[in-house]
Amino acid sequence: MQKQIILPSNTKGQSFFDNVYQVVRLVPKGRVSSYGAIAQYLGAKGSARMVGYAMNAAHILTDVPAQRVVNRQGLLTGKHHFSNRDTMQKLLEDEGVKVENDKIVDFNNIFWNPSIELI
DNA sequence: TTCCTGACGCTTG
DNA sequence: CCAAGCGCCAGGA
């Protein structure tokens with residue numbers, strides 16, 4: 001039921017950012033993804049920065065779970081962009097994701113890769 | 001239009 | 001293991 005399909009061809013006309021938001025919205029609760037994985041899924045392999053930049057803009061949107069997107073090491077690199085320094089961690093832990101020292105515990109196990117999870 | 005700035009990631013030393 | 005360098009490219013000034 002979580003498996004949804006995002007057609008790249010359907011993103012035509014939309015900005016790269018909107019594309020990113022769609023993927024982020026599909027990250028299941030209790031799971032996390034990475035900037036690079038999302039970028040790769042969108043066909044912008046070396047443009048993980050763009051995903052991060054998109055998250056910065058997503059700050060104003062309420063339906064984009066930006067806390068579920070971290071860097072490839074599982075570090076909460078974007079925590080400073082939330083209202084409070086610990087908001088990101090709090091949101092994650094509230095979803096059952098353990099965070100220790102700004103890093104997601106057992107990151108490899110709860111990592112959600114759109115290129116694999118989405119068809 | 002050009003210049004600058006990034007919530008990144010990989011390679012090297 | 002840690003640090004630095006480079007590539008990536010969409011927006012805003």
Side-chain angles (χ1 to χ4, degrees):
Chain A
M1 126 151 73
Q2 293 163 335
K3 299 212 172 184
Q4 295 234 337
I5 303 175
I6 293 185
L7 302 174
S9 54
N10 192 28
T11 64
K12 220 172 173 184
Q14 292 202 11
S15 70
F16 181 81
F17 285 21
D18 291 325
N19 208 330
V20 172
Y21 303 148
Q22 288 185 56
V23 179
V24 175
R25 276 190 272 252
L26 294 179
V27 179
K29 182 180 179 184
R31 303 286 296 281
V32 294
S33 193
S34 73
Y35 305 101
I38 293 172
Q40 184 173 31
Y41 176 72
L42 295 177
K45 195 176 176 187
S47 303
R49 304 183 84 179
M50 295 299 94
V51 178
Y53 197 44
M55 288 299 96
N56 187 24
H59 182 271
I60 57 176
L61 303 177
T62 56
D63 60 335
V64 178
Q67 73 275 15
R68 295 181 194 156
V69 185
V70 296
N71 75 354
R72 128 174 182 52
Q73 304 173 72
L75 292 171
L76 309 189
T77 52
K79 60 183 289 187
H80 292 299
H81 292 271
F82 284 77
S83 47
N84 293 108
R85 194 171 62 264
D86 299 319
T87 300
M88 188 174 188
Q89 176 171 339
K90 191 179 188 303
L91 288 171
L92 285 171
E93 294 186 324
D94 195 48
E95 296 181 348
V97 178
K98 297 175 185 173
V99 178
E100 210 171 280
N101 203 5
D102 292 345
K103 184 178 178 184
I104 293 179
V105 179
D106 205 10
F107 175 66
N108 189 54
N109 199 39
I110 64 175
F111 177 66
W112 185 84
N113 189 335
S115 298
I116 296 176
E117 304 294 337
L118 300 178
I119 308 301

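Chain letters run A, B, ... following the sequence lines, proteins first and then strands; every chain starts at 1. This is a predicted model, so every value here is computed, not measured.
- Set against C/dC8, B/dG6, B/dG9, the side chain of A/S47 has C/dC8 as its closest nucleotide.
- Note: CD1 (A/I104) to C1' (B/dA7) measures 13 Å, nearest angstrom.
- In terms of modelled atom types and a separation under 3.5 Å, the side chain of A/H81 and the main chain of A/H59 share no donor-acceptor contact.
- Put simply, the side chain of A/R25 never gets that close to the backbone of A/V64: no donor and acceptor are under 3.5 Å apart.
- Nucleotide C/dC9 holds its C1' atom 15 Å from the CG atom of A/N19, rounded to whole Å.
- Distance A/R49 CZ to B/dC4 C1': 11 Å, rounded to the nearest Å.
- Distance alone, capped at 3.5 Å, is enough to place a donor-acceptor pair between the A/Y21 side chain and the A/A54 backbone.
- With hydrogens and angles ignored, a donor-acceptor pair closer than 3.5 Å exists between the side chain of A/Y35 and the base of B/dA7.
- Between A/M50 atom CE and C/dG12 atom P the separation is 13 Å, expressed in whole Å.
- Among A/K29, A/K90, A/R68, the single residue meeting the salt bridge (Lys or Arg N to Asp or Glu O under 4.0 Å) criterion with A/E95 is A/R68.
- For A/A48, the side-chain atoms get nearest to B/dC8 when compared with the rest of B/dA7, C/dG11, B/dC8.
- Residues from residues 58-90 of chain A lying near DNA chain C, meaning a heavy-atom separation below 4.0 Å, are absent.
- Within 6.0 Å of atom CG in A/D63, more than 12 heavy atoms from other residues, nucleotides or ligands are found, so the atom counts as buried in its surroundings.
- Judged by distance alone, the side chain of A/R31 and the main-chain N or O of A/F111 form a donor-acceptor pair under 3.5 Å.
- Here the P atom of nucleotide B/dC8 and the CE atom of A/M55 are 12 Å apart, to the nearest Å.
- Summarising the geometry, the separation between CZ on A/F16 and P on C/dG12 is reported as 15 Å, rounded to the nearest angstrom.
- Listed by chain and number, the residues in a side-chain contact (heavy atoms from CB on, under 4.5 Å) with A/L75 are A/N71, A/Q73, A/T77, A/K103 (sequence neighbours excluded).
- For A/Y53, the side-chain atoms get nearest to C/dA10 when compared with the rest of C/dC8, B/dA7, C/dA10.
- If you take CZ of A/F17 and P of C/dG12, they are 8 Å apart, rounded to a whole angstrom.
- Rounded to whole Å, atom C1' of B/dG9 lies 13 Å from atom CZ of A/F107.
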